[in-house]
Amino acid sequence: MIKVRKKTVFMVIRRTLLVLLVLLLFLLGSVYALGYTLANGPSETLRNMLVLSAKQASATKWLPSLFLDRETIEQILADSVEVTVTEIDINDYRPKEPDTDTSEPGVYDEWADWPEEVRIEFLNGATFKAYLMIVRDPSRVFTGVANNLGTAAYGMRVYAMAEKYDALALINGGEFPDNGKGPGNQPIGLTYSQGKCVWNDGKLRTFIGFDNNNRLVVREGLTKEEAEQLGIRDGCCFQTGNVLITNDGDKIQLHYSDANTGTAQRTAIGQRADGTVLMLVTDGRTASSIGATRNDIIDLMVSYGAVTAGMLDGGSSAMMYYENYIDIYADIYNIDRNALDQYQLKGLVNKYQAFTPPRTMPTYFVVSKRTEG
């Protein structure tokens, strides 16, 4: 009797595992069939968007090769880096008008209700949610770096970086070696922090940083010698081709890439003509926010008056932190504390999407607390 019972239990387990295996194979087959149809179907626009979106994340870079040959993928990537520069006369450059109920026409103080002179606006695009941090004084923004760059086992998480500098707020910074699990212990490309060159591996990327006059500098392939001549005080690098907005004093140049349709979590930094710094992070990889394109980021920066802007690292690196932001913005944006995850409850403003805790990274753009006087 006992032997029969054991045999029956074994048969049930075996059949259950067999059913699960069949379901798993069916699911994998369905996913592959769907991917193949999308990749090789009639819509090249959808195909290209999916390929570029997959290539934005370290964990999914390999997916397109399951459905497409290498030449097709390389052509899609090559097309995506082609930039068309649109020029606008600086006298015709008009950012969005502020929302205000002031009873005095023409009189508006955007900082009247913000004694810290930093505020965050929650924004919604067609395919993304975004968070724009606006900082009045550019001298408060600098590049924070992890301890012992290059020799430490890991970089620093967003909360540790905030504690290190006693920061009011910060966003993630530049590029680092990453295969999806990169330790973030060293940057790639030229890096300055608080007036000192702290990393220079000779690799030329898009440089994004501030000079000693607190002006945002966004340049391709900036060398250390050029940085010294420009008086760079802070900055880091992110790949190549990530210049978004430049100006020559007379015209604004918008560096659009219409073929770069990939959506992703994005981070960018820009500056208005009056020096105000714009720090932008978008959500991605969710049904309610699949992510933003490169052109989306440019358009957002333009709408807020950026005359200079550059893209920073994105994907699972995209993070915005603000000390006690929930206490400030809960009522303004009807934030339900019960709907926030553990990272947001600790100060992360955006929705972190990854299978690990927030990344350890080598660089951040930090906003210091305001000092009186």
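Although no hydrogens or angles enter the test, the distance criterion places no donor-acceptor pair under 3.5 Å between the side chain of Thr360 and the main chain of Tyr154. Without hydrogens or angle criteria, Asn213 side chain to Arg215 main chain gives no donor-acceptor distance under 3.5 Å. Judged purely by atom type and a 3.5 angstrom limit, Tyr352 uses its side chain to pair as donor or acceptor with the backbone of Pro357. Not a single donor-acceptor pair under 3.5 Å links the side chain of Tyr165 to the backbone N or O of Gly144. For the pair Asn247 (side chain) and Val307 (backbone), a donor-acceptor distance under 3.5 Å is present. Looking at Trp199, its side chain does come within 3.5 Å of a backbone N or O of Pro187 through a donor-acceptor pair. Remark: side-chain polar atoms of Asp211 are paired, donor with acceptor, to backbone N or O of Asn214 under 3.5 angstrom. With hydrogens and angles disregarded, a donor-acceptor distance shorter than 3.5 Å links the side chain of Asn295 to the backbone of Ser257. In this structure, the side chain of Asn350 engages the main chain of Ala318 through a donor-acceptor pair within 3.5 Å. In this structure a side-chain-to-backbone donor-acceptor pair under 3.5 Å is present from Thr206 to Asn242.
The structure places CD of Gln186 at 11.5 Å from OG1 of Thr363, a figure rounded to the nearest 0.5 Å. Note that the CG atom of Asn91 and the NZ atom of Lys251 stand 9.5 Å from one another [nearest 0.5 Å]. Here the CD1 atom belonging to Ile73 is positioned 9.0 Å from the CD atom belonging to Glu71, to the nearest 0.5 angstrom. Taken to the nearest 0.5 Å, the SG atom of Cys236 stands 5.5 Å off from the CG atom of Leu312.
In this structure the side chain of Tyr321 never reaches within 4.5 angstrom of the side chain of Val349, judged on heavy atoms. You'll find the side chain of Thr240 stays beyond 4.5 Å of the side chain of Leu204, heavy atoms only. Residues Tyr93 and Val302 form a side-chain contact, since some pair of their non-hydrogen atoms from C-beta on lies under 4.5 Å apart. Contact annotation: the side chain of Met161 never approaches that of Val158 to less than 4.5 Å [non-hydrogen atoms, C-beta and beyond]. Gln194 places none of its side-chain heavy atoms less than 4.5 Å from the side chain of Tyr192. When side chains are defined from C-beta on, Ser289 counts as touching Phe128, because their heavy atoms get closer than 4.5 Å.
Across all their heavy atoms, Phe207 and Cys237 have their closest contact at CD1-SG, 3.8 Å. The minimum heavy-atom distance linking Arg337 with Ala330 is given by the pair NH2-CB, 4.5 Å. Residues Phe365 and Gly235 come closest through the heavy atom pair CZ-CA, 4.3 Å. When all heavy atoms of Ala153 and Pro183 are compared, the closest pair comes out as O-CB, 3.3 Å. Closest heavy-atom contact between Gly184 and Phe176: CA-CD1, 3.7 Å.
Arg370 and Asp137 are not joined by a salt bridge, as no carboxylate oxygen comes within less than 4.0 angstrom of a charged side-chain nitrogen. A salt bridge does not link Glu226 to Lys224: none of the charged side-chain nitrogens sits closer than 4.0 Å to a carboxylate oxygen. Between Glu110 and Arg136 there is no salt bridge, since none of the side-chain N atoms of the basic residue sits less than 4.0 Å from a carboxylate O of the acidic one. Residues Asp299 and Arg294 are not paired through a salt bridge, judged by the lack of any N-O separation under 4.0 Å between the basic side chain and the carboxylate. Checked for salt-bridge contact, Glu175 and Lys203 miss the test: no charged N lies under 4.0 Å from a carboxylate O.
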> side-chain hydrogen bond (donor to acceptor under 3.5 Å, both in side chains) between Gln253 and Thr246: does it pass, once the steps are laid out?
Replying inline: CA-CA 5 Å; Gln253 294 88 32; Thr246 54; 3.0 Å; yes
>> For a salt bridge (Lys or Arg N to Asp or Glu O under 4.0 Å) check, start with the C-alpha distance between Arg140 and Glu116, then their side-chain angles and the critical distance, and finish with the verdict.
In response: CA-CA 11 Å; Arg140 295 171 60 186; Glu116 190 64 59; 2.9 Å; yes
> Step by step, would you call Arg205 with Glu220 a salt bridge (Lys or Arg N to Asp or Glu O under 4.0 Å)?
Replying inline: CA-CA 6 Å; Arg205 300 290 198 266; Glu220 287 292 353; over 6 Å; no
>> Under the criterion side-chain hydrogen bond (donor to acceptor under 3.5 Å, both in side chains), I'd like the reasoning laid out for Thr84 against Asp258: C-alpha separation, chi angles, the key distance, then a yes or no.
In response: CA-CA 8 Å; Thr84 301; Asp258 294 336; 5.1 Å; no
> Can you check side-chain hydrogen bond (donor to acceptor under 3.5 Å, both in side chains) on Thr267 and Asn172, steps first, answer last?
Replying inline: CA-CA 7 Å; Thr267 303; Asn172 63 289; 2.8 Å; yes
> Can you list the steps and then say if Tyr131 with Asp283 is a side-chain hydrogen bond (donor to acceptor under 3.5 Å, both in side chains)?
Replying inline: CA-CA 8 Å; Tyr131 312 89; Asp283 282 341; 2.6 Å; yes
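A tilted orientation is assigned to the rings of Tyr325 and Tyr329, their planes being inclined by 30° to 60°.
Within 6.0 Å of CD in Glu163 there are 12 or fewer heavy atoms belonging to other residues, nucleotides or ligands. When the shell of 6.0 Å around CG of Asp331 is examined, it contains 12 or fewer heavy atoms from other residues, nucleotides or ligands.
A side-chain contact (heavy atoms from CB on, under 4.5 Å) with Leu216 is found for one member of Val277, Ile208, Val141 and no other, namely Ile208.
No donor-acceptor contact under 3.5 angstrom links the side chains of Arg266 and Thr282, judged on distance only. Side chains of Asp69 and Thr72: a donor-acceptor N/O pair is present below 3.5 angstrom, by distance only.
A cation-pi arrangement is not found for Lys129 relative to Phe122, the charged atom failing to lie both closer than 6.0 Å to the ring centre and inside a 45° cone about the ring normal.
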